[in-house]
Amino acid sequence: MSGVAAFLTRRRGGRSWHWTDTVTWLWLVGGLVIMFGPAVWLVGSSFKTPAQLAEFPPTILPYVGQQMSVEGYDKPLTLYTVKLPDGSSKVMAEVRRIGIVAQMIDPKAPKDIIKVNIADRQPVREIGFATENYTEPFVHFDFLRYLRNSVFVTAMATLITLLTNSMAAFALSKYKFRGRDFTMLLIVGTLMVPLSVILVPLYSVVSAFGLLDSLWGVILPTVATPTGVFLLRQYMLTIPDEMLDAARMDNASEWQIYWRIVLPLAAPALAVLAIFSVVWRWNDFLWPLVVLSRKELYTLQVGLNTYAGELNVQWHYILAMTVVTMIPVVLVFVFLQRYITSGIAGTGLK
Amino acid sequence: MAAFFLAPNMAIFGIFVLVPLVINFFYSATSGTAYFLQDRSYVGLEQYQRLLDCSNYLDTATCREDLFWKAVHNTGLFVIVQVALLTVVSMATALILNREIIGRSFWRAVFFFPVLLSPVVTGLIWRWILQRQGLLNMIVHDFGGEPHNWLTDRFWAFTAAVSVSVWAHMGFYTLILLAGLQAIPRDLYEAAEMDGTRPARVFWRITLPLLMPNLLVVIVLALIRAVQIFDEVYVLTGGGPGTSTLYLTQYIYEIGFASLLRNPGLASAASILMGLVLVVLTLVQLQVGRRGERKGARQ
Amino acid sequence: GDVRIMWYSDGVEGDVIQDILNRFMKDNPDIHITLDNVAYKVIQEQLPIQLEAGQGPDIARVTNIKELAQHWLDLRPLVADAKYWDDNFGDTLDWMRPDGSKAITGFMTQLTLTGGFANKTLFEQAGVALPGDKATWDDWINAAAEVAKSQQLPAAFAIDRSGHRISGANVSFGANYIGADGKPAKVDDGTKAFVGKLVDWTAKGLMLKDTWVSAAGSTYRAATDDFINAQIPFYYSGSWQVANLSTKIGDSFDWVATGSPCGTAGCSGLKGGAALVAIKYTKNPKDVAKVMDYLASEAVVKEFSERTLFLPAHKGVIAKGGLKWGSTDKNVGPALDKFVQAAGETLPAADALPPWKWANAYFAALVTRVSQVMAGELTLDAAWVKIDQDIADKVAEAK
Amino acid sequence: MGRITLTNIDRAYGKVKILHDISLDVGDGEMLVLVGPSGCGKSTLLRLIAGLDQPTGGKIEIDGADVTEVSAAQRGLAMVFQSYALYPHMSVRQNLAFGLENIRMPKPEIDRRIAEAARMLEIAPYLDRRPGQLSGGQKQRVAIGRAVVRNPTAFLLDEPLSNLDAELRISTRAELAALHKRLATTMIYVTHDQVEAMTLADRIVVMRAGKIEQVGRPLDLYNAPANLFVAGFIGAPRMNLLPVKVRSASATQVDVDGPSGLSATIAVNGAALKPGDDATLGIRPHDIELSDGGKGSVEAHVTLAEALGPETVVHATIAGDNKLVAVLKRQGVETQGPPLTLALPPERMHLFDAAGLRVASR
Amino acid sequence: MGRITLTNIDRAYGKVKILHDISLDVGDGEMLVLVGPSGCGKSTLLRLIAGLDQPTGGKIEIDGADVTEVSAAQRGLAMVFQSYALYPHMSVRQNLAFGLENIRMPKPEIDRRIAEAARMLEIAPYLDRRPGQLSGGQKQRVAIGRAVVRNPTAFLLDEPLSNLDAELRISTRAELAALHKRLATTMIYVTHDQVEAMTLADRIVVMRAGKIEQVGRPLDLYNAPANLFVAGFIGAPRMNLLPVKVRSASATQVDVDGPSGLSATIAVNGAALKPGDDATLGIRPHDIELSDGGKGSVEAHVTLAEALGPETVVHATIAGDNKLVAVLKRQGVETQGPPLTLALPPERMHLFDAAGLRVASR
Ligand SMILES: Nc1ncnc2c1ncn2[C@@H]1O[C@H](COP(=O)(O)OP(=O)(O)OP(=O)(O)O)[C@@H](O)[C@H]1O
Ligand SMILES: Nc1ncnc2c1ncn2[C@@H]1O[C@H](COP(=O)(O)OP(=O)(O)OP(=O)(O)O)[C@@H](O)[C@H]1O
Ligand SMILES: [Mg+2]
Ligand SMILES: [Mg+2]
């Protein structure tokens with residue numbers, strides 16, 4: 001046990017407690033509350049009925065009014081804690097409510113109806129999960145098809161992004177050629193074009209290529225992301241050139257240098273980009289919405305948004321499906337983040 | 001050789017980014033509600049004139065497109081505060097996650113988690129937390145505080161917009177910085193430790209300069225994305241109270257797409273003006289960064 | 001052949017229509033219908049681009065039916081009985097065809113009418129009587145304020161943040177948006193009268209500030225949740241809320257639809273709704289017409305309305321009455337009936353708005369500027385100038 | 001001021017034990033040199049002393065204070081890394097100044113110290129370059145300079161001269177010796193270079209596979225290596241080791257028979273050898289001389305003659321298989337020439353028992 | 001098969017010229033050793049030959065073909081980098097295999113070669129480790145192994161042994177020599193180590209500040225250095241250089257007067273010296289002997305005696321200021337002892353004129 005304590009309290013290198021450790025743990029715990037708290041709440045909310053979602057003040061967990069079958073009544077009755085005139089309180093079932101007066105009965109003595117002002121009663125509630133938020137969409141919503149489309153788009157786009165971006169980043173970080181700075185500038189420069197701005201021209205381009213209503217129309221415009229090139233290039237700058245020289249001496253072609261030396265060494269940055277790409281493509285909404293108008297081709301996010309109407313949004317479904325659609329990306333993240341480890345490029349040197 | 005490696009990316013990039021961008025320029029020189037260039041009428045620089053028509057750029061009320069300038073002002077302030085806060089918070093988190101803490105992957109996931117949420121859901125969660133009868137007020141109330149209407153108060157709505165966008169995106173930048181931190185050779189820290197360097201000084205003199213290339217990525221991306229901030233704030237505050245959190249992209253979106261009588265020409269012109277400002281900002285940063293990069297050159 | 005329908009849902013109507021279509025397909029095996037359930041955003045932002053490109057589905061459920069009217073297919077020569085259409089949908093056909101045309105392009109799947117809701121239980125608890133049939137806006141607000149005060153509520157009432165919602169009331173105060181030339185008129189005294197009251201109520205804290213103040217531009221915001229949570233005794237929204245209120249309020253309290261309070265000129269709400277229209281670029285006009293005929297048939301319209309709790313736009317269905325609303329909630333039936341009744345009380349100036357091209361421009365300018373006034377960013381007088389300017393710009397742009 | 005005491009130090013990476021039970025007492029002002037084969041744990045030991053790494057067991061004291069748990073920064077030591085570990089983003093001058101600025105030394109004093117170190121290490125012309133623009137040797141000198149300017153309690157040097165050219169190496173070595181003399185600062189020095197070890201060390205520690213084999217003054221190690229490993233390791237070229245059999249043994253002398261009719265009588269100081277025991281005879285190449293024959297001389301066939309200038313390293317075989325290396329103080333030995341007759345003076349011989357331990361000589 | 005010719009090679013970094021007009025002809029199968037002070041441009045020259053860097057002027061030929069513009073991969077050379085430059089993400093085995101896989105060598109052959117190199121370099125136990133888990137010396141051996149397995153046209157080695165311990169260094173050196181003999185592959189070898197240079201080289205190139213000072217066989221350089229720089233650079237400890245004045249000069253001999261009453265008569269082969277000229281007299285430490293006095297002997301005060309075991313390096317002063325280093329083949333010289341009388345044999349003396357050039361000896 002003391003071993004655990006020592007482990008918990010150790011700082012870099014295993015020496016005694018340092019003020020930075022205090023800061024670290026405060027930060028982490030604070031982070032847990034702030035970053036993760038809303039998530040917990042999101043998951044909790046995804047199990048709420050529409051009525052509970054609209055309820056003030058909100059609760060962390062989904063609650064439903066407790067009901068009870070009482071002899072003599074067909075339907076189960078809702079239970080309330082009633083404050084009786086004598087000051088005591090008691091659990092009673094509501095038979096009906098007329099205006100501000102409720103007719104209540106004691107479940108143990110279902111005969112006598114007692115009239116109670118509704119201000120004097122509180123519903124008895126228990127945690128209840130509205131699992132239909134999850135099950136309903138699976139029935140009405142072509143979940144598996146959307147999932148397949150999403151997976152296809154995400155996987156393809158990520159692979160192509162990683163490949164083309166890393167190739168470009170390699171060229172921009174390890175070769176000296178005329179126009180390099182200009183190319184870099186061009187790429188970084190276009191980083192700032194928000195999609196919404198070029199939406200219409202892009203639509204014309206995609207349509208000119210006959211890519212409307214095609215998953216490739218979703219994939220291709222997103223893969224040349226300047227962010228990726230920029231990110232990878234900056235990382236590749238830190239790979240020692242000697243390593244490349246050594247490979248050249250080893251008869252490696254430039255492709256092999258890229259593929260076998262630079263790519264593995266850039267693994268941390270690639271992992272970061274892969275995570276981003278997966279998250280982005282998975283969550284992409286606006287662009288697929290523009291390109292895809294047939295439901296066979298919908299991705300999950302687009303499908304999900306059919307719950308957003310003009311006057312009404314069916315948040316209970318959207319939340320539940322958000323939770324479901326998040327699971328794969330969380331898994332991808334957990335898998336890929338392991339590659340964000342110490343840069344090892346230096347360890348091959350003196 | 002360089003051309004070979006650049007080709008695939010540049011081809012896709014050219015077709016799907018550059019070409020639309022160029023088309024966009026043509027848009028800004030036309031007017032009408034039609035979406036396709038051939039259906040639109042050429043007006044030259046009229047859209048720009050309209051946007052820039054202002055007798056005092058500091059007083060938005062004097063501008064013809066007062067909402068545009070309102071959005072410009074708001075965005076300017078937002079970008080400064082948000083980028084600064086985002087950078088600092090991501091940096092702090094990255095530094096902490098870079099330490100040898102137990103459950104490193106768990107903590108990474110915690111801080112990265114919000115990035116996984118779609119902006120709409122992010123905005124929504126926080127609106128539910130911050131609204132008059134939201135979770136926050138409930139907590140404040142439970143602790144005996146005075147509940148506050150966070151989203152209808154100018155200051156708090158702005159604070160909320162900044163904080164929520166930081167909340168939503170910091171995981172992204174933390175990850176970039178983390179990868180950069182891990183690439184700094186360990187022996188340099190050891191050398192610094194032997195040199196008796198205090199932690200703060202290690203940060204300023206060793207970590208920060210060596211992290212410069214990555215920090216540059218972070219600042220450039222953060223800045224660009226801050227200027228483009230939209231979905232989460234749109235859902236959270238809708239630009240309110242009044243127009244105090246109305247940002248450029250929302251303005252462009254509304255005139256270009258959302259309203260029933262759209263004006264794509266004006267939207268294009270506004271976005272090009274915004275792009276120009278960004279190009280200038282980025283150039284400045286890259287210039288500064290290049291100096292830093294040279295500094296960070298490996299031994 | 002194949003027929004694609006682009007459809008958005010606010011509630012259960014997607015499931016209902018699918019049901020109906022399945023039945024249709026069983027009877028007509030040669031027609032295959034695909035229902036693309038999409039987000040409203042797609043209809044709003046995506047469909048127009050597709051249409052301009054000469055693409056799109058065969059049939060779509062849309063709301064901006066006038067602006068896009070040039071893309072709709074004229075079904076007159078294709079439907080089995082054009083007279084049936086004229087007779088039953090005659091009032092609204094003009095909403096969805098280019099000005100001056102006689103085309104039949106579709107029908108309203110849902111008619112909406114703006115109107116108020118009151119939390120009857122709150123009124124009872126406060127011991128305040130619900131204002132009667134011809135009560136004015138001031139009556140309602142005063143009564144609601146009394147309730148709010150006695151029940152310690154944050155506000156007396158709320159109106160959805162939308163230019164459309166307040167326009168019925170404006171008309172009730174004598175406003176007329178439409179100029180003699182059919183182009184937008186300058187903001188008139190009717191509008192100024194009601195909007196002035198609204199601003200005043202907001203400043204006094206009678207109107208819930210959140211809804212209008214906490215957004216910019218023409219962003220839509222509803223105050224439904226506040227009504228559902230009994231935070232406001234009076235809520236001005238519209239008929240489409242009935243189903244929503246029913247599910248979310250449940251047994252918590254009793255509520256009633258109140259129709260629209262009266263102004264100086266009348267007690268008008270504003271009509272609106274979503275239409276199902278056929279699209280010009282279809283390759284299968286015959287099949288499209290067949291589907292439309294089926295969906296517009298009296299029985300189907302009736303069933304659809306009953307199951308979705310939407311107001312029908314079909315004269316025959318309304319005239320016959322006896323709609324068996326598909327709800328066990330005792331509040332629903334009376335509320336819907338109230339809306340059906342109120343639909344007859346709209347003023348001509350209000351009825352002129354749905355088929356009017358510039359209505360949306362007017363609504364957007366109103367909501368943008370009025371909320372700025374409420375947030376203290378603009379004076380009312382400055383707002384009038386800006387509104388006129390905004391609308392004029394829109395008209396100029398659309399050349 | 002700089003007494004470093006290690007007690008039963010262990011270090012393991014996972015299951016692999018790198019250091020076994022190292023105990024060592026480094027006196028104040030002593031120059032202690034660590035030698036040993038590559039990978040034997042020298043750098044690891046130095047890092048433990050520096051505080052950059054934690055022992056899995058044992059105790060480290062500096063001047064009697066237990067510092068096992070104290071951070072590197074607080075131990076007040078300076079280290080020259082085998083990998084240089086220069087700050088790549090700082091100029092040479094900033095690299096040198098960094099540690100001094102950390103302790104808020106006044107600027108003029110910093111400049112003075114840098115100037116002095118730069119002069120001593122001949123890096124003055126590069127003071128404003130970045131490490132990336134320096135050659136390997138230049139980098140190494142900067143790394144030394146960074147330690148020197150600090151005036152630490154003790155220096156830890158991990159092969160500080162390994163990349164210097166001969167001339168600079170000798171002069172830097174001399175400067176280091178002078179520095180050591182002047183400052184009287186404790187130094188722990190890892191090297192592969194025999195000459196460095198022999199000339200600089202007050203004491204040499206010979207390590208093998210994470211264990212200490214012998215500790216002693218340089219000439220003691222050279223003249224009386226405790227075991228075969230040390231005998232082979234100290235001295236270049238390495239000691240010739242020949243398998244012999246004990247013919248007779250008394251308390252004062254041992255007679256052995258070796259290959260190629262070699263027989264020798266070695267004076268010892270009480271040995272536990274019995275006739276017939278296996279033993280190893282050692283003789284250093286430098287102790288072998290050309291002779292005209294006689295007892296204790298052997299016939300050697302030269303296989304390789306390496307002319308170093310003042311002397312020639314002769315690789316030869318005797319009696320078929322046994323290799324013998326001799327360093328002869330002359331030039332002009334030919335590989336293709338006639339066999340040489342070499343004398344192996346018995347008074348220069350070392351005898352090791354079957355376990356490899358030295359048989360104490362008189 | 002492996003003849004490398006450099007013609008008028010220049011290399012400049014920006015305005016700084018690093019290499020000046022280097023011309024060099026490396027014969028097929030030759031072992032050429034580059035020596036020179038740190039930063040003189042050895043690594044740079046090697047990189048030019050490798051094709052990793054482009055000369056700013058001049059021509060590089062391999063076997064008569066101009067390869068100045070040919071890429072490194074196509075020159076068929078192998079290089080051992082001063083910084084190792086191992087692939088950190090590959091195991092040692094993969095590091096070795098990489099170059100072979102690139103030329104699509106069959107798997108069994110690759111395995112065979114790796115096994116052989118591993119045996120020779122004693123890295124077999126580490127074949128499955130990553131470079132990050134190796135000690136400095138182990139890394140270096142892997143770097144050598146990577147070149148060895150390739151069987152290249154020529155080897156370029158940049159201080160390949162600088163991190164090895166003495167024992168391994170000697171054995172690796174011997175293996176390299178054997179390898180060179182067996183393969184008869186051209187090798188260009190940069191080193192700081194005198195012994196390596198002397199023993200391995202067919203010819204040695206002495207560089208200074210980007211220029212070639214002398215090229216020649218090792219003993220020629222040792223015995224007849226062309227100028228003061230080479231004289232000082234080759235041989236360790238470095239040659240003693242004493243300022244002298246020419247008393248008289250003839251075609252066959254020169255008389256000089258030096259400090260401390262030193263005078264000597266040196267046999268020369270036609271010198272252009274005139275009486276009264278300044279000159280420099282050189283004598284190697286190893287050539288100085290203890291004497292009993294007489295002509296050409298000097299009185300020396302010992303300032304430092306470094307005992308190396310077989311010999312002692314004596315640092316002394318003569319006539320006040322002039323330093324003299326001698327290597328005496330004995331132990332037990334004391335710093336505090338009486339002055340030594342040292343003999344400087346005239347036949348071992350080197351004479352350099354005022355410009356620093358050697359006066360040819362007979
Ligand atoms: N991180 C590690 N994980 C596992 N083994 C390691 C690690 N670091 C070093 N070693 C091993 O520990 C042993 C000692 O390494 P160390 O660096 O101390 O050797 P050294 O004596 O300094 O060698 P050299 O003279 O070659 O520098 C080596 O066998 C090495 O392979
Ligand atoms: N990128 C560069 N920019 C400027 N000068 C450089 C650069 N690289 C090397 N130099 C300089 O060129 C000279 C030659 O360097 P080089 O590495 O060839 O030396 P070297 O002879 O190999 O030295 P060492 O023996 O110390 O390794 C040095 O003075 C070095 O400072
Ligand atoms: Mg080491
Ligand atoms: Mg070098």
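In what follows, chains carry the letters A, B, and so on, assigned in the order in which the sequence lines appear, proteins first and then strands, with residues in each chain numbered from 1. Below, all heavy atoms of this structure are taken into account, side chains as well, without hydrogens, waters or symmetry copies.
Using a 4.5 Å cut-off between heavy atoms, C:Thr34 contacts chain A through its side chain alone, with no backbone atom that close. Only the side chain of C:Gln55 comes within contact range of chain A, judged by heavy atoms closer than 4.5 Å. With a 4.5 Å cut-off on non-hydrogen atoms, C:Asp15 touches chain A through its side chain but not through its backbone.
Counting heavy-atom pairs under 4.5 Å between each of C:Leu35, C:Thr112, C:Leu47 and chain A puts C:Leu35 at the top. Ranked by heavy-atom pairs under 4.5 Å with chain A, the first of C:Met6, C:Gln50, C:Gln241, C:Lys248 is C:Lys248.
Chain C is approached within less than 4.5 Å, heavy atom to heavy atom, by A:Tyr203, A:Leu212 from residues 202-216 of chain A, ordered by number.
Atom CD of A:Glu296 is separated from atom CG of C:Asp36 by 6.5 Å, given to the nearest 0.5 angstrom.
Summarising the local packing, NZ of C:Lys330 is surrounded by more than 12 heavy atoms from other residues, nucleotides or ligands at distances under 6.0 Å. The number of heavy atoms from other shown groups lying within 6.0 Å of NZ (A:Lys83) does not exceed 12.
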